[in-house]
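Small disclaimer: the values here were computed from a predicted structure and weren't measured.
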Amino acid sequence: MKSLFLRSLTKLLLTLCIPTSLHAQRQIAGTVSDTKGQPIALVNVYPAESFDGAATDSLGRFRFMTKSSFPIRLVASHVNYKSDTLLIRNGDATDDIRIRLRETDDYKLSEVVVSVSSFGVGGKQSKTVLNPMDVYTNPAGNGDLSMALRQTPGLQDVGDREGFFVRGGASWETAVTIEGVRVKRFFGKNRFDSPARSRFETGMFSGLSLSTGGYGATEGGALSGLLQLQLAGQSPSSVGIGLSPLFLSGGVGYLSPSRRFYIEQNASISDAAYVRLLLKPEYKLPGTNQSYAYNARTIWNLTPHDEVKGLFLFVRDLSSAALRMPDPANTYSLYAGQNTYGFGMAVWRHDFSEGRTTSTLSVGYSEDHNKQRQRPDERQTIETMVRTVERDASLRLRFDSRIRTWRLSYGSDYAYSEAGSQLIADESIALPSLREHLVAAYAEALFPVSSRISATAGLRAEYSDLTKSAVLLPRLSASYKVSPTSRLTLDAGKYAAPGDYYLSHGIVPKRREQSQQYNLTYEWRPSYSHVLRFQLFDKEYSRLTTLTAEGVADNDGKGYARGADFFWKATGLIKSFEHWFSYSYTDARRQYLLSPAEERPDFVARHTLSSVLKYWCAPISSLFNLSMTYRTGMTYHNPNVQSASYFNASIPANFSMSVSYNYPFRYKKVNGVLVLSAHNLFNSDPTYGYRFGDKPVNGVYPSVRISTPYRQFYMVGLFINFGVDRRQEIMNTDIKIKSR
């Protein structure tokens, strides 16, 4: 039955991918600015009832080709401004259109669009699109974008480890890119039994796009999902300060008088001493837990057709932990870690004079040096140390062209990865190092089939010298416009990536793991501030990494993940309120690592629900936020249970609730936001799994329960800015803040 479904799906996609007719093309170009004449970036400009359109760059410029006939109703929309529609008649100039948008006067939170696929119609409504304020105002996020994203459909909140667990996939199966540059190590390290935060601050980015299903042929390196980040644009010159019990931060931004060059630098220091006051009795932080970070972001408009963006990040983390050991004596094992991470990237975009082709050259490089010392018993002085070094480099050349009604993307990628590990105890033991050169070429076309149907077809070819293998990865998508406010999208694709088990299991991949994805999405958008999404997905795995009892690795595993996602978001149904609700059902089984057969892995819950409620209280100029999350139990391995399955036991379900409060203020030239938050209001004590001893005692393996290090967590933060009003970037860029 499955093969029949796949054949039918392929026939339908191929049928929809046959173009029917081509019409005369005309170029639409111009700029978008606010009422003060300042350019607005990331404005969606498109003809109404059309698949054409473009987003403005950092200077507010847009340019695209369209087959729409006169008169053209040109729509300009942005989450921070009132949408506007301009009527262009036959004979009007179309190459220098000036559009001005006014800020919203009413309460409206930023748009959150959730979708299964990054394929689609003009790219306007095909991804999960979040802005920084969605992270800052989500109480469950605690200012970290990875935490906030876990409340979107398709993602699992595992609880004791970091990563994006997308639709039955492991954390490494979701890739992260910044302006097309792959970020290999997005999260921090040496956080034991609790997830590490992202190394990249939310304020660096103007938008976050998460594809929880298939994505186009222009991207590779992931089996489940893709998180794409776009660097924030220019801002007026300013000085900013952030204060809280956990961190101190400061930043300076400079915009040249010509507005062609901008640089922003930020530095921060954090210390977990405050966390000790909230720890449960069985948890300890015996040593130093500090973090030092510096980042610099720059934008340089060399010419009207050339833009260069750059980002540099340096992070130094010192961590310690005392983990309770599973033995009758209740001893503790001491850990101390030192991690140094550096990341740099640059992107050069060139818009050819005719505006029909854009080239993008991207380069990136990162290094991660990590040391972890362990003392098996706090009463002893014997130590072991594990030292790891990782290096990653990437180079990408991409072209985006418009040929009549077609949009073409084509180019090539090169990536280099290197990792080495060394165990130092009585003697030094080095694992075989991992080195991979990966080259790829891709081409993709998006074209309208009719006034209601759009299709995308792409092919990606990759070769890895590590596995000595080449693979072809086709991707297809078709979207049908059911009505002016709804659409149905069907897509299919093949994906490949090496399993990321080197540092965790010492495995050098022999082959690349593969997945095939099939996604069906229905979207209804009755208004700009309302969206309903329903998605069905089927993901088939092959060549998963397996381990024998002796530790020999192979690629004999297989599996699947199937289910459905539901998402509803509405603003203004009740005055000054916004809410969103998401639900995911996931049926996932896989044979991988030590699983002898296909089993539900320990990072998948069948049912996941989350809800976010936001209320803007105008009389006191305050924003109140509430978030709730519930998921059913997950599996784990219990050596005390005799079973043919490896994951032979389950942990209980988990429910959590968090709240936060945001108060913006202004005094003369000082602008600021006060942030208060409280996590785990009901004092729940979730169980995320168990840590078992190596040897049985009286025939039973002793265990220690894994939970949160604290029951409740309270946070206060103060963000102050001099020279320019940036309160809305921290709180909510869609709230009209008036001087008090």
Side-chain angles (χ1 to χ4, degrees), residues 6 154 156 161 163-177 182 184-186 211-215 217 219-227 392 413 415 417 419 432 434-440 442 460-475 492-519 537-548 551-562 586 588-604 646-647:
L6 297 182
Q156 299 277 320
R161 71 201 89 164
F164 300 108
F165 296 86
V166 173
R167 289 183 168 172
S171 59
W172 67 265
E173 293 181 19
T174 297
V176 181
T177 65
R182 178 76 180 270
K184 204 66 176 294
R185 300 300 167 192
F186 187 70
S211 302
T212 54
Y215 50 88
E219 306 294 340
L223 299 183
S224 291
L226 175 67
L227 175 62
D392 296 283
D413 296 337
S417 298
L434 182 152
R435 290 186 178 86
E436 180 185 38
H437 297 269
L438 178 70
V439 293
Y442 56 85
R460 184 178 182 88
E462 295 181 348
Y463 174 79
S464 167
D465 74 327
L466 176 65
T467 59
K468 300 294 188 296
S469 63
V471 62
L472 293 177
L473 307 172
R475 287 99 191 247
K494 185 177 180 181
Y495 306 85
D500 191 10
Y501 305 114
Y502 178 78
L503 295 182
S504 59
H505 294 80
I507 298 175
V508 177
K510 296 180 180 179
R511 303 176 72 182
R512 280 183 288 175
E513 302 184 352
Q514 295 187 8
S515 71
Q516 297 184 68
Q517 298 192 39
Y518 310 92
N519 305 293
F537 64 91
D538 179 16
K539 182 164 46 180
E540 306 292 331
Y541 289 100
S542 61
R543 299 182 180 179
L544 295 181
T545 302
T546 56
L547 278 173
T548 64
V552 179
D554 210 332
N555 290 86
D556 298 328
K558 59 181 180 179
Y560 67 85
R562 301 162 189 158
T586 305
R589 290 181 175 272
R590 61 167 60 188
Q591 177 190 7
Y592 86 116
L593 294 184
L594 296 174
S595 302
E598 293 185 22
E599 306 174 22
R600 182 157 62 97
D602 60 346
F603 46 78
V604 176
Y646 182 76
F647 297 109

Electrostatic pair Glu540-Lys494, nearest N-O below 4.0 angstrom: no
Does the side chain of [Y] come within less than 4.5 Å of [X]'s, by heavy atoms?
X	Y	value
Gln591	Glu598	yes
Leu466	Pro509	yes
Asp392	Arg182	no
Ser224	Tyr541	yes

Which pair of heavy atoms, one from [X] and one from [Y], lies closest together, and at what distance?
X	Y	result
Glu513	Arg543	CG-O, 3.2 Å
Gly168	Val604	CA-CG2, 3.7 Å
Ser171	Gly163	CB-CA, 3.8 Å
Ser417	Lys184	OG-NZ, 3.0 Å
Glu462	Ala496	OE1-O, 4.2 Å
Ser464	Glu436	OG-OE2, 2.6 Å

Exam field: side chain [X] to backbone [Y], donor-acceptor pair closer than 3.5 Å:
X	Y	answer
Tyr215	Ala222	yes
Asp413	Ala440	no
Lys539	Arg167	yes
Gln156	Gly169	no
Glu599	Tyr646	yes
Lys510	Asn555	no

Aromatic plane relationship, Tyr501 with Trp172 - under 30° parallel, 30 to 60° tilted, over 60° perpendicular: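 Ring orientation of Trp172 relative to Tyr501: perpendicular.
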Whether Phe164 and Phe186 hold their rings parallel, tilted or perpendicular, with breakpoints at 30° and 60°: tilted
Candidate pair Gln517 and Asp538, rule side-chain contact (heavy atoms from CB on, under 4.5 Å), full reasoning: CA-CA 6 Å; Gln517 298 192 39; Asp538 179 16; over 6 Å; no
Looking at [atom1] of [X] and [atom2] of [Y], how far apart are the two atoms once the value is rounded to the nearest 0.5 Å?
X	Y	atom1	atom2	value
Arg562	Phe537	CZ	CZ	10.5 Å
Asn519	Thr212	CG	OG1	7.5 Å
Asp500	Ile507	CG	CD1	10.5 Å

Charged tip of Arg161 within 45° of Phe603 ring normal and under 6.0 Å: no
Residues Thr545, Tyr592; criterion side-chain contact (heavy atoms from CB on, under 4.5 Å); working and verdict: CA-CA 6 Å; Thr545 302; Tyr592 86 116; over 6 Å; no
Of Arg460, Arg475, Glu173, the residue whose pairing with Tyr495 passes side chain to side chain contact (heavy atoms under 4.5 Å, CB included):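 With Tyr495 as partner, Arg460, Arg475, Glu173 yield a single side chain to side chain contact (heavy atoms under 4.5 Å, CB included), made by Arg475.
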Intermediate values then yes/no, side-chain contact (heavy atoms from CB on, under 4.5 Å), Val471 and Leu473: CA-CA 6 Å; Val471 62; Leu473 307 172; 3.7 Å; yes
Stepwise side-chain contact (heavy atoms from CB on, under 4.5 Å) test for Thr177 and Glu219: CA-CA 9 Å; Thr177 65; Glu219 306 294 340; 4.2 Å; yes
